[in-house]
S.K.: 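Here it is, the structure, as structure tokens.
Keep in mind that the numbers below use all heavy atoms, side chains included, and drop hydrogens, waters and symmetry copies.
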Amino acid sequence: MNPSFFLSLHFLWILLAVTNLAVQWAHFRNDQSARLYTAKKITTPLLLLLALLIVILETKGFPLIPGAILLAMGLGELGMEGSDVVQSKAEGEGEKKADSIIVVMAGVLFLLVNLFIGITLIVRNWYLPTVLISLLISAVVLFGIFFLTIRSFKPVPETRTQMLLYLIGIFILFTGALVDINSGISLLGIAATILTVSDSLVLIRMGANFRKNTASGYKILGAFLVVILLLYYVYMGVLIQIGSPFAIFSV
């Protein structure tokens, strides 16, 4: 295909990312707006699926690593977006049972993505001493974050369980990233590192349970939202590069 066509697709993706950021921020400021909520529910998975389309067209096929990751996360976002994992609920507001089941299924998809990326990097760069050291470093850093968050904010037992399950995927993901960094960083390793930071921030936000109805909580949640979204966009951009014939680094 014409290179200008691919440039147009990349520009369209960047434009959609900017639109999504604007919609996410607008909804954060006015979370009672049904239109903004719908726009957020549409643009977030669409961003991942458009990235998938770009990868498929550029490789003229379905590359397993970026393709499976983007597809799984796109489907996961259909259920996760709007849940209390990605936004703060008002006091006393809960999710319907059906919505909760969908969120659990979406969470499983995201867990599988983290496991897939982490295990792929570990197997690809397998060297037992490096893997063991990476496992130790990952455990110290992530479980340190986990216990510090619990000690500081004292989340309810249900939230602690959710955090622990979420932590398992991040643990394997970060281990894979560390192993890859030691072996010479690859694009997939860069993506894993970015996702580790993003998911760690989500983990802290889950445990802290900040509320928007306080001035400090509003500012902190707003900062978390913007930083996590920017990391997420960069992560998707790296996945697009994995499928690009013009990628600078190896997969």
Side-chain angles (χ1 to χ4, degrees), residues 48 51-52 55 62-77 79-80 85-86 103-149 160-207 227-243 247 249-251:
L48 285 151
L52 174 61
V55 168
F62 188 89
L64 177 61
I65 291 177
I69 294 171
L70 289 168
L71 178 60
M73 297 190 78
L75 294 175
E77 283 291 356
M80 188 68 73
V85 174
V86 296
V103 170
V104 169
M105 294 175 63
V108 170
L109 276 175
F110 283 107
L111 173 62
L112 292 176
V113 165
N114 284 359
L115 293 176
F116 174 72
I117 297 175
I119 292 173
T120 297
L121 290 171
I122 292 171
V123 172
R124 178 183 293 174
N125 302 288
W126 180 264
Y127 179 60
L128 186 58
T130 301
V131 172
L132 292 177
I133 293 173
S134 298
L135 283 169
L136 179 60
I137 294 174
S138 181
V140 170
V141 172
L142 293 176
F143 282 92
I145 292 174
F146 175 74
F147 287 114
L148 184 61
T149 301
R160 293 184 187 184
T161 302
Q162 292 174 350
M163 290 175 65
L164 191 58
L165 292 174
Y166 197 69
L167 184 64
I168 294 172
I170 309 176
F171 171 64
I172 299 299
L173 178 70
F174 188 34
T175 300
L178 291 173
V179 172
D180 186 71
I181 290 171
N182 182 75
S183 302
I185 192 72
S186 66
L187 274 174
L188 187 60
I190 293 173
T193 303
I194 295 169
L195 190 58
T196 296
V197 176
S198 175
D199 282 359
S200 297
L201 291 175
V202 172
L203 183 74
I204 294 171
R205 185 175 61 181
M206 287 172 62
V227 172
I228 290 171
L229 284 173
L230 291 177
L231 288 170
Y232 202 26
Y233 300 147
V234 175
Y235 163 75
M236 283 186 269
V238 173
L239 290 179
I240 292 174
Q241 276 294 301
I242 290 177
F249 296 95
S250 63
V251 174

S.K.: How far apart are the closest heavy atoms of Val113 and Met73, and which atoms are they?
M.R.: CG2-CG, 3.8 Å
S.K.: Rounded to the nearest 0.5 Å, how far does CG of Leu121 lie from CG of Leu188?
M.R.: 4.0 Å
S.K.: Do Asn125 and Thr130 have side chains that get closer than 4.5 Å, going by heavy atoms?
M.R.: no
S.K.: Nearest 0.5 Å, what's the CG-CG distance between Leu111 and Leu167?
M.R.: 11.0 Å
S.K.: Out of curiosity, Leu239 CG to Gln241 CD, how far, rounded to the nearest 0.5 Å?
M.R.: 10.5 Å
S.K.: Side chain to side chain contact (heavy atoms under 4.5 Å, CB included) between Asn114 and Tyr166: does it pass, once the steps are laid out?
M.R.: CA-CA 10 Å; Asn114 284 359; Tyr166 197 69; 5.7 Å; no
S.K.: Please examine the side chains of Leu48 and Tyr232, heavy atoms only from C-beta on, and report whether any two atoms are closer than 4.5 Å.
M.R.: yes
S.K.: Can you name the closest pair of heavy atoms from Ser186 and Arg124 and give their distance?
M.R.: OG-NH1, 4.4 Å
S.K.: Stepwise, does the side chain to side chain contact (heavy atoms under 4.5 Å, CB included) test hold for Leu75 with Leu109?
M.R.: CA-CA 8 Å; Leu75 294 175; Leu109 276 175; 4.0 Å; yes
S.K.: Which heavy-atom pair separates Gly169 from Leu115 by the least distance, and what is that distance?
M.R.: CA-CD2, 4.3 Å
S.K.: Should we count OH of Tyr127 as having more than 12 external heavy atoms under 6.0 Å?
M.R.: no
S.K.: Looking at every heavy atom in both Val179 and Ser134, which two are closest together, and how far apart are they?
M.R.: CG2-OG, 3.4 Å
S.K.: Return the minimal non-hydrogen interatomic distance between Ala177 and Gly189, and the atom names on each side.
M.R.: CB-O, 4.3 Å
S.K.: Dump the intermediate steps for side chain to side chain contact (heavy atoms under 4.5 Å, CB included) on Leu203 and Asp199, then the final yes or no.
M.R.: CA-CA 6 Å; Leu203 183 74; Asp199 282 359; over 6 Å; no
S.K.: So Leu135 and Val131, do their side chains get closer than 4.5 Å, heavy atoms only?
M.R.: yes
S.K.: Step by step, work out the side chain to side chain contact (heavy atoms under 4.5 Å, CB included) result for Ile69 and Ile117.
M.R.: CA-CA 8 Å; Ile69 294 171; Ile117 297 175; 3.5 Å; yes
S.K.: Kindly indicate whether the side chain of Ile194, heavy atoms from C-beta on, has any atom under 4.5 Å from the side chain of Ile190.
M.R.: yes
S.K.: Measuring from atom OH of Tyr235 to atom CG of Leu195, what distance do you get when rounded to the nearest 0.5 angstrom?
M.R.: 4.5 Å
S.K.: Could you report the tightest heavy-atom contact between Met163 and Phe146, atom names first, then the distance?
M.R.: CB-CE1, 3.7 Å
S.K.: Atom CG of Asp180 and atom CD1 of Ile122: how far apart are they, to the nearest 0.5 Å?
M.R.: 10.5 Å
S.K.: How many angstroms lie between OG1 in Thr193 and CD1 in Ile181, if you round to the nearest 0.5 Å?
M.R.: 4.0 Å
